[in-house]
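Notes follow once the structure below has been shown.
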Amino acid sequence: MYEGKIIKFYREKSQLTQEQLGRGICSDTHISKIERGSTEYSPEIITFLSKRLQIDISLEAIRLKNIRTRLHHWHDVIIEQLFEEMAVSYEELEQEPLIQLSDYQPLYNLLKARYYLMHNQADKAYKVIKLYQKDVQQLPPYESNLFKHVMGMYYLAKQEYLKAIDTLTAIVHEDYNNPEYYYHLASAYHAIQSPVMAYFYAEKSLTFFKGINSFLRIIDAEMLMLIQVKDEKSRDFKENIRRFEKLIQSCDICQAPARKARVLHNLAYEYLRRENFELASKYYQQSMQLKEKKTGAYLLSLEGYIRSCIHGNLLPHNELVQITKDGLALAKKLKEIFYMHLLNLLLLLTQQKEHEYHTYLNDVALPKFRESGNTYLIQSSEKELFTYYLKTNQSDKALEIASDVMMYKMK
């Protein structure tokens, strides 16, 4: 079985016909049957064919048999987010020609899409995803569920949270021994302000990460669980801050600056929602310093930093406008549509263009927020518009917003 596939692969690579390869050894008809695995053949014939192709058939067969093991190792280090190891595996597998003829090409391609998503290359990932989008039902059970997992992660990257939830909840757990998807499901629920479901799935992912002793992913799950806790008392808030500080220490111990950046970002948000704008801006800035500038993650913290500075009146007007313009230019360059809307709004806010701000919020930004399912932005935008329309005696528009809210909630 393996020998025939290997012979065919290297024959075509050498640009030989079946007749040319078999000349003096066997007929082209026999070569055809060997390649299809539809006949028995002597070891001597395989030896002669291998010599003509200048390959060691035994070593090639071992390499082909080991591809699945290598792919699952790659998947393991991707799950644990061990970037150096996953990069090494990626380079090795990219140089492995036998993947093209193995039964594991779908697994390889879907893992490659995951790899691209982890490197903020959503467009490259989608090109791979499209290869299987129409025929996902034809994939083996594991690969079919891996496709749903990758698709859910793609929707997360594009801020399409409701689609992410629909896709990830369609995974058949019994056919897919990778509970890591619970973490991505928790992330999607967190994005739509559903703390109970977010905490539930984050806790399930935490159990999995502890089971595989992945300290970095344990930090991820614990942070996601922590930010679901809506403390009401000062004592509770102090305890939450202590837990944030503990997570920051864990990131330092594990030498994980990317995770530390995420923890600092979420700590900044906790201060922002309590209107402690000075500390919020401080931690947003620290988060930005640890992030690669040309990424959506950087823009997320930049948006929080600008918002903190606006509400806290922390920067001179001209400086604030310039920072916002620079952020908007970066979002456009990266084609980050979601952040383009957020930064456009902040720019209008810093320029004190109240009418233009609310027009853009109502006509452009809010429909996009509803499309993505970002509950926090939807609710805050609707509340802001309703208040503005009442304040400016536009009662018809205020009623229209109220009507839209009811219609949206009924969907």
Side-chain angles (χ1 to χ4, degrees), residues 78-79 81 110 113-114 116-123 125-126 129 133 136 144-173 176 178-209 214 216-230 258-259 261-263 265-266 269 295-297 299-301 303-304 336-339 341-342 365-381 408-409 411:
I78 287 174
I79 290 169
Q81 296 190 2
L110 290 170
R114 274 214 62 173
Y116 289 148
L117 286 169
M118 291 187 65
H119 289 79
N120 302 306
Q121 297 174 321
D123 291 342
Y126 189 63
I129 289 168
Q133 209 159 15
V136 65
S144 174
N145 286 287
L146 175 58
F147 173 85
K148 294 172 189 172
H149 190 175
V150 172
M151 195 78 237
M153 292 177 65
Y154 172 77
Y155 285 136
L156 274 174
K158 304 301 284 186
Q159 292 96 34
E160 296 182 46
Y161 303 115
L162 296 178
K163 288 183 179 179
I165 290 169
D166 288 343
T167 306
L168 293 169
T169 51
I171 290 174
V172 180
H173 184 74
Y176 188 58
N178 177 22
E180 181 210 14
Y181 77 91
Y182 289 139
Y183 175 80
H184 298 112
L185 196 48
S187 299
Y189 275 117
H190 168 65
I192 65 166
Q193 298 287 298
S194 181
V196 174
M197 295 300 290
Y199 192 96
F200 173 74
Y201 283 110
E203 192 169 35
K204 287 172 79 71
S205 73
L206 178 63
T207 301
F208 169 64
F209 295 141
S214 178
L216 295 176
R217 303 311 307 276
I218 288 170
I219 292 172
D220 292 343
E222 287 186 340
M223 182 180 68
L224 195 49
M225 291 166 66
L226 175 58
I227 59 180
Q228 307 315 312
V229 179
K230 303 301 180 187
R259 276 167 180 78
R262 289 203 292 269
V263 175
H265 175 91
N266 285 298
Y269 175 72
T295 62
L299 290 170
L300 179 63
S301 291
E303 192 272 342
E336 289 281 0
I337 306 298
F338 185 75
Y339 296 111
H341 292 312
L342 289 176
L366 180 54
K368 289 295 181 183
F369 298 156
R370 284 175 173 160
E371 186 180 317
S372 73
N374 191 312
T375 307
Y376 171 75
L377 287 174
I378 294 166
Q379 291 177 348
S380 60
S381 299
Y408 177 75
K409 288 181 177 180
K411 287 183 179 179

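Scope of the values below: all heavy atoms of this structure, side chains included, with no hydrogens, waters or symmetry mates. For this chain, numbers begin at 1 and follow the sequence in order.
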Going by heavy atoms in the side chains, are K368 and Q159 under 4.5 Å from each other? no

Requested in this report: Answer whether the closest heavy-atom distance between the side chains of I165 and I192 falls below 4.5 Å.
Outcome: yes

Side chains of Y199 and H190, heavy atoms from C-beta outward: is any pair under 4.5 Å? no

One should read off an interatomic distance between F208 CZ and L206 CG, to the nearest 0.5 angstrom, of 11.5 Å

message: Could you tell me if the side chain of K148 sits less than 4.5 Å from the side chain of L168, heavy atoms only?
response: no

Within the structure provided, determine whether E303 and L299 are in side-chain contact (heavy-atom separation under 4.5 Å).
no

In terms of heavy-atom contacts, L156 and H184 come closest through CD1-O, 3.5 Å

**Asked** Is the centre of the Y182 ring less than 6.0 Å from the centre of the H173 ring?
**Response** yes

Go through the steps for R114 and I79 under the test side-chain contact (heavy atoms from CB on, under 4.5 Å), then give the verdict.
CA-CA 10 Å; R114 274 214 62 173; I79 290 169; 4.1 Å; yes

Between Q228 and P195 the two heavy atoms that sit nearest each other are OE1-CA, 3.4 Å

Side-chain contact test, heavy atoms from C-beta onward, threshold under 4.5 Å: evaluate it for Y183 versus F209 and give yes or no.
yes

Smallest heavy-atom separation, S205 atom then A221 atom, equals OG-CB, 3.7 Å

Rounded to the nearest 0.5 Å, the CD atom of Q193 sits from the CG atom of L377 at a distance of 8.5 Å

Heavy-atom closest pair (A113 atom, A125 atom, distance to 0.1 Å) is O-CB, 3.5 Å

Taken to the nearest 0.5 Å, the spacing of H265 NE2 from I227 CD1 works out to 8.5 Å

Here the gap from Y201 atom OH to S187 atom OG, rounded to the nearest 0.5 Å, amounts to 13.0 Å

Note: N145 and A170 closest approach over all heavy atoms is OD1-O, 4.4 Å

Do Q81 and R259 come close enough that some side-chain heavy atom pair is under 4.5 Å?
yes

For a 4.5 angstrom cut-off between non-hydrogen side-chain atoms, does Q133 reach Y126? yes

Output for pair (F338 CZ, F369 CZ), nearest 0.5 Å, gives 5.5 Å

CE of M118 to CE of M153, rounded to nearest 0.5 Å, is 7.0 Å

Scanning both residues in full, the closest heavy-atom pair of G152 with A164 reads O-CB, 3.6 Å

_Between R217 and D220, does any NZ, NE, NH1 or NH2 come within less than 4.0 Å of an OD or OE carboxylate oxygen?_
yes

